[in-house]
Amino acid sequence: MKNRITELLGIRYPIIQGGMQWVGRAELAAAVSNAGGLGTLGALTQPTPEDLGREIERCRTLTDKPFGVNVTMLPTVNPPPYERIFDVIVQSGIRIVETAGNVPAAVFDRLRAAGIVIVHKCTSVRHALAAEKRGVHIVSIDGFECAGHPGEEDVPGLVLIPAAVAALGVPVIASGGIADGRGMAAALSLGAEGVNMGTRFVATREAPVHENVKQALVKARENETRLIMRTLRNSSRVLLNPVSEEVLELEHRPGGAAFEVLRPLVNGQRGRAALESGDITNGVIWAGMVAGLIDDIPSCGELIERMVTQCRARLAAATALTAA
Ligand code: NAD
């Protein structure tokens, strides 16, 4: 499975674990990288840039394979010290950074100057083209099915992936809606050179979240996510639960709801507490529609190996079909 993505990232299989808030910690990132994919630490998961530096070191004790760091630049309750976060990333010798959100051109310039491979995650072809012009090496295009922030244009992967591939010169990673080798084969057939998965990796043995969260993903069907914060143009796909229902109810009242009204419900610390305590009805749990495709909790190694096997079988079957 050699292509531009595996070469640029130095990995065996073009399977990337997205840098999820509160989940992208060393245990998970190292497990994915050890299994031949690319693990990713979430920079904002760590309380301070210095803690991020320590987490990078901890990850290095768990794997000798490449791993990346995600830095998301979207609205936050407390503004993160981005400058110092990038200082730590550069100083610690990280070779791969996944960026997301509104990233200033100067950040891309700085990362490039440090020899870092930039994977920029975005949800529209327009933003992907702008990022390519600013020098990112890889675009990770996130379809409407995805967990987290799908943007406001609602274009699903089946259209967004080939549209991005057609428009861009840099290699494309397909993100959103992928949970297994069938999805991977589909993404590669659409011209992507790799796949990014978040929700699927939450339901693995190594993911540092409570077992109840993993079981909730196993139980959830594909129609059991909700888009909250649409009215603030900060759409966020999360699991259906009493908190997401309450947010929607507040948003749909006449006049809507200001962020300050929603903040006690959606704030990340509350979501983190739910992930760690297992009280999954008491905070926002980010999840993509692929929850409907998850029915077990394998190790990252088992997941990646069976994905690759299934992907190869699907691509071979398609090739046989065209040869017949
Ligand atoms: P947080 O506690 O800072 O904020 C909670 C949620 O409220 C987030 O969705 C955030 O975007 C939103 N928010 C914050 N301030 C806002 C404002 N003034 N107006 C509108 N919306 C606002 O978030 P956190 O859980 O600590 O996460 C840290 C960062 O990581 C946030 O920017 C969050 O959006 C991002 N994140 C991204 C994903 C993803 O899928 N890419 C998933 C989880 C979190």
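Just so it is clear, the structure is predicted and the values come from calculations on it, not from any experiment. When a ligand or atom number is given, it counts from 1 through the structure's own listing order. All values below come from the heavy atoms of this structure, side chains included, with hydrogens, waters and symmetry mates left out.
- The residues E55 and R58 are annotated as salt-bridged, a charged nitrogen and a carboxylate oxygen being separated by less than 4.0 angstrom.
- For D87, the CG atom counts as densely surrounded, since its 6.0 Å shell holds more than 12 non-hydrogen atoms of other residues, nucleotides or ligands.
- Here R237 does not pair with D142 in a salt bridge; the nearest charged N to carboxylate O distance is not below 4.0 Å.
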List, pair by pair, the atoms of ligand 1 and of the protein that are both N or O and lie under 3.5 Å apart, giving the separation rounded to 0.1 Å.
| from | atom 1 | to | atom 2 | distance (Å) |
| --- | --- | --- | --- | --- |
| ligand 1 | 2 (O) | G268 | N | 2.6 |
| ligand 1 | 3 (O) | V77 | N | 2.6 |
| ligand 1 | 11 (O) | P75 | O | 2.9 |
| ligand 1 | 11 (O) | N234 | ND2 | 3.0 |
| ligand 1 | 21 (N) | N234 | ND2 | 3.0 |
| ligand 1 | 26 (O) | Q21 | NE2 | 3.2 |
| ligand 1 | 32 (O) | P75 | O | 2.8 |
| ligand 1 | 34 (O) | H149 | NE2 | 2.7 |
| ligand 1 | 40 (O) | H149 | N | 3.4 |

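- For R54, the side-chain contact (heavy atoms from CB on, under 4.5 Å) partners are E50, D51, not counting sequence neighbours.
- Between H120 and F108, the ring planes are perpendicular. Angles over 60° get that label, and only those under 30° would be called parallel.
- At a threshold of 4.0 Å, the pair R200-D296 counts as salt-bridged, since one of the basic side-chain nitrogens sits closer than that to a carboxylate oxygen.
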